[in-house]
Amino acid sequence: MKPTDINAPDYLHKVVDCQWACPAHTNVPEYIRQIAAGDFAGAYMTNWRSNVFPGILGRVCDRPCEPACRRGRVDKEPVAICRLKRVAADFKDDIHDQLPQPPTQKNGKRIACVGAGPASLTVARDLAVLGYQITVFDGGKSAGGMMRSQIPKFRLPDSVIDEECGYIAGLDVELRQDQWIGSLREVLADSWDAVFVGTGAPRGRDTDLPGRKEAAAHIHVGIDWLSSVAFGHITKIARRVIVLGGGNTAMDCCRSARRLGGEEVHVVVRSGFDEMKASPWEKEDAIHEGIPIHNYLVQKAFTHDNGRLTGVMFEKVRAEYDDTGRRSLVPTGEPDVHMECDEVLLAIGQENAFPWIERDIGLDFDRHGMPVLDAQTLQSTLPRVFFGGDAALGPKNIITAVAQGHEAAISIDLFCRGVALTQRPPSTGRFISQKMGIHEWSYDNRISEEARRKVPVKKLEDTLKDIKLEFELGFDLALACAETERCLNCDVATVFKPKLCIECDACVDICPTECITFTANGEEGELRARLKVPAHNPDQALYLAEGLKTGRVMVKDENVCLHCGMCAERCPTGAWDMQKFLLNIAHAGAEAQRS
């Protein structure tokens, strides 16, 4: 096996599992340490550089970082990364003086962004500070897109959206609200240098089951219903409600229905409970609010009495899997189930809708009605039109929309400068030794052994009375600081210098996870099997260093290393050092300095 080049940016980036898993590659360990030190503004800005919306995402992010968290491998639960992000937002001081300033002299290029959701606003933020004249068009009264219209206020208050969209507007970005775009041809005729489409996936899937048309007045498409609730057009619901669907939209629908007067609210899902697309904490919150979830039931028909909805008929199914693991839902043969209700909310998926994009302007669509894009650059077949967020590659989540906004902004900047879109700025990394003395480090490597802290919530009887009352209270300072101590500082890497090593095995003896082995080299598969503790996770690298006097190699399993620093503390020659790895993900904005 070849020696490891730890200077390659992606190597140690992948070791920092949370940052690697985050689509926007937020520097999680750094902002957690900043929170621990009481530097909430600094923690907020560390977030803001990558994910743009720390206060929003600290409440409603899908948290891809947390399943990847190394703490989850040695403990029952990962660090509460998402909720610590909210701590930075809640406790920061005024950060306006830390925001970049747009140049007074514009570069002469005009960019139109269609839609004021997270992808478009990320593009606007990144390009505004480079001197681009950015205009964002949106049909709503306020910026935020589907963050504002589809996420209930008890999860995400308008004040948080207003604040963080305001930071972007303050970069001399023109927001044209209440301006619906009905034709891309007309937009292109206005001589924009580039157009970014970030209109989301605004159409909820419907169904044509028997009874759908007859009982249409009592059956609502979930995302449309949530939007009507958000803007105050709907303020009540019937007593008995069924929500069809198992994603996060279904959870938002059922919890909103409880707050609007639904006394008997049920969620019905085709799949098993563990296979639902909803986040585990969303399901937990729904159950906490007295909402039962029924699984393995497939809707067959809506029953009605002369147009008045009376219920839904379901077929019982079970899951069967073929040799490839593909699932099929097979009828059990049991009698159908009829569930009575007065209203139904359909949350069975979302689709893109581009009726405003003409099909004869050179922009190609695939057989699913999605724009044909370059997956890396997000450029369409019409060169000056770019896409991002749910409008690009289908519905996902806010943090993915932000990540695609960053990529699209790079592409637009390159395009406007006449540079090939493949010549993208590289990520870079640098190391900073944490050594302050023989056994002292500039970071706290004493790891708490306590369990994950739970986020306090308001009393159920209070929150169910007010659909705008935020359900979660967030961490207070004591809880936040206690939770930060659970972080394993995965960005503080163990760096090994073979020439200083005397092969005394002191590091091997003291390592709490037995992840260090001195042995003869070999092919990776064979080498993994004969380490002191076999390394069975090929998704995480082996750190191999050669140059030892005996000809052996040092091998460390990155999968189980806790970054505790005990190897460096114990080493008598200083062959081991703890060095913080700082990753710079290049953006099109001011943070990515251009030579």
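Remember, it's a predicted structure, so these values are computed and weren't measured experimentally. The residues of the chain are indexed from 1 along the displayed sequence.
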How close do Arg70 and Asn559 get, counting heavy atoms only, and between which atoms? NH1-O, 3.1 Å

I'd like to know if Arg255 and Asp285 make a salt bridge, using a cut-off of under 4.0 Å between side-chain N and carboxylate O. yes

Walk me through whether Thr135 and Ile111 qualify under side chain to side chain contact (heavy atoms under 4.5 Å, CB included). CA-CA 6 Å; Thr135 302; Ile111 312 298; over 6 Å; no

Where at least one partner belongs to residues 358-386, residue pairs that pass salt bridge (charged side-chain N to carboxylate O under 4.0 Å, His left out), sequence neighbours excluded: Arg185-Asp360

Which residues pass the ring-ring contact (aromatic ring centres under 6.0 Å, His included) test with His218, sequence neighbours left out? none

For residues 400-412, dump all side-chain donor-acceptor pairs below 3.5 Å to protein atoms at least two apart in sequence or in another chain.
| unit_1 | atom_1 | unit_2 | atom_2 | d |
| --- | --- | --- | --- | --- |
| Thr400 | OG1 | Asn397 | OD1 | 2.7 |
| Gln404 | OE1 | Gly389 | N | 2.7 |
| His406 | ND1 | Asp126 | OD2 | 2.6 |
| His406 | NE2 | Ser50 | O | 2.6 |
| Glu407 | OE1 | Arg424 | NE | 3.3 |
| Glu407 | OE1 | Arg424 | NH2 | 3.1 |
| Ser411 | OG | Thr377 | O | 2.8 |
| Ser411 | OG | Glu407 | O | 3.2 |
| Ser411 | OG | Arg424 | NH1 | 3.0 |
| Ser411 | OG | Arg424 | NH2 | 3.1 |

Is there a donor-acceptor pair under 3.5 Å between the side chain of Ser149 and the backbone N or O of Ala230? no

Measure up the Trp20 and His13 rings against each other and bin them: parallel (under 30°), tilted (30 to 60°), perpendicular (over 60°). perpendicular

Within a radius of less than 6.0 Å around NZ of Lys213, do more than 12 heavy atoms belonging to other residues, nucleotides or ligands occur? no

Of the non-hydrogen atoms in Gln350 and Ala201, which two are nearest, and what is the gap between them? NE2-O, 3.1 Å

For Phe273, all residues meeting ring-ring contact (aromatic ring centres under 6.0 Å, His included), sequence neighbours excluded: none

Pairing of Arg110 and Asp193 as salt bridge, 4.0 angstrom limit: no

Looking at every non-hydrogen atom in both residues, tell me the closest pair between Arg86 and Gly58 and how far apart they are. CB-O, 3.4 Å

Write out all pairs satisfying salt bridge (charged side-chain N to carboxylate O under 4.0 Å, His left out) with one or both partners inside residues 127-145, taking only residues at least two apart or from two chains. Lys141-Asp178

Lys14/Asp10 ion pair, N-O < 4.0 Å: no

Residue Arg270 excluded, over 12 heavy atoms near CZ under 6.0 Å: no

With distance as the sole test, does Asp322 use its side chain to make a donor-acceptor pair with the main-chain N or O of Thr324 at under 3.5 Å? yes

Do the side chain of Asp390 and the main chain of Lys396 share a donor and acceptor less than 3.5 angstrom apart? yes

Nearest atoms (heavy-atom pairs only) where Cys69 meets Ile81: CB-CD1, 4.4 Å

When you measure from the side chain of Gln423 to the backbone N and O of Ala420, does any donor-acceptor pair fall under 3.5 Å? no

Side-chain donor or acceptor of Glu320 paired with backbone N/O of Ser328 under 3.5 Å: no

Does the pair Glu289/Arg258 count as a salt bridge with the N-to-O cut at 4.0 Å? no

Let me know which of Glu470, Glu472, Glu164 forms a salt bridge (charged side-chain N to carboxylate O under 4.0 Å, His left out) with Arg59. Glu470

Given 3.5 Å as the limit, does a donor-acceptor pair link the side chain of Asn352 with the main chain of Gly200, or not? yes

Can Arg176 and Glu174 be counted as an ion pair, charged N to O under 4.0 angstrom? yes

For Ala21 and Pro64, work out which heavy atoms get closest and say how close. CB-O, 3.5 Å

Output, in order, the C-alpha distance, side-chain angles, deciding distance and verdict of side chain to side chain contact (heavy atoms under 4.5 Å, CB included) for Leu373 and Gln379. CA-CA 5 Å; Leu373 305 175; Gln379 185 182 42; over 6 Å; no

Whether Arg155 engages the ring of Phe471 as a cation-pi pair (distance to the six-membered ring centre under 6.0 angstrom, angle to the ring normal within 45°) should be assessed. no

Taking it one step at a time, do Asp17 and Gln540 satisfy side chain to side chain donor-acceptor pair (under 3.5 Å)? CA-CA 9 Å; Asp17 300 79; Gln540 273 284 15; 2.6 Å; yes

Please check: side-chain N/O of Thr303 versus main-chain N/O of Gly311, any donor-acceptor pairing under 3.5 Å? yes

Considering only NZ, NE, NH1 and NH2 on the basic side and carboxylate oxygens on the acidic side, decide whether Arg203 and Asp224 come within less than 4.0 Å. no

Side chain Ser380, main chain Val385, donor-acceptor under 3.5 Å: yes

Taking only residues two or more places apart in sequence, or in another chain, which ones meet Tyr11 in a ring-ring contact (aromatic ring centres under 6.0 Å, His included)? none

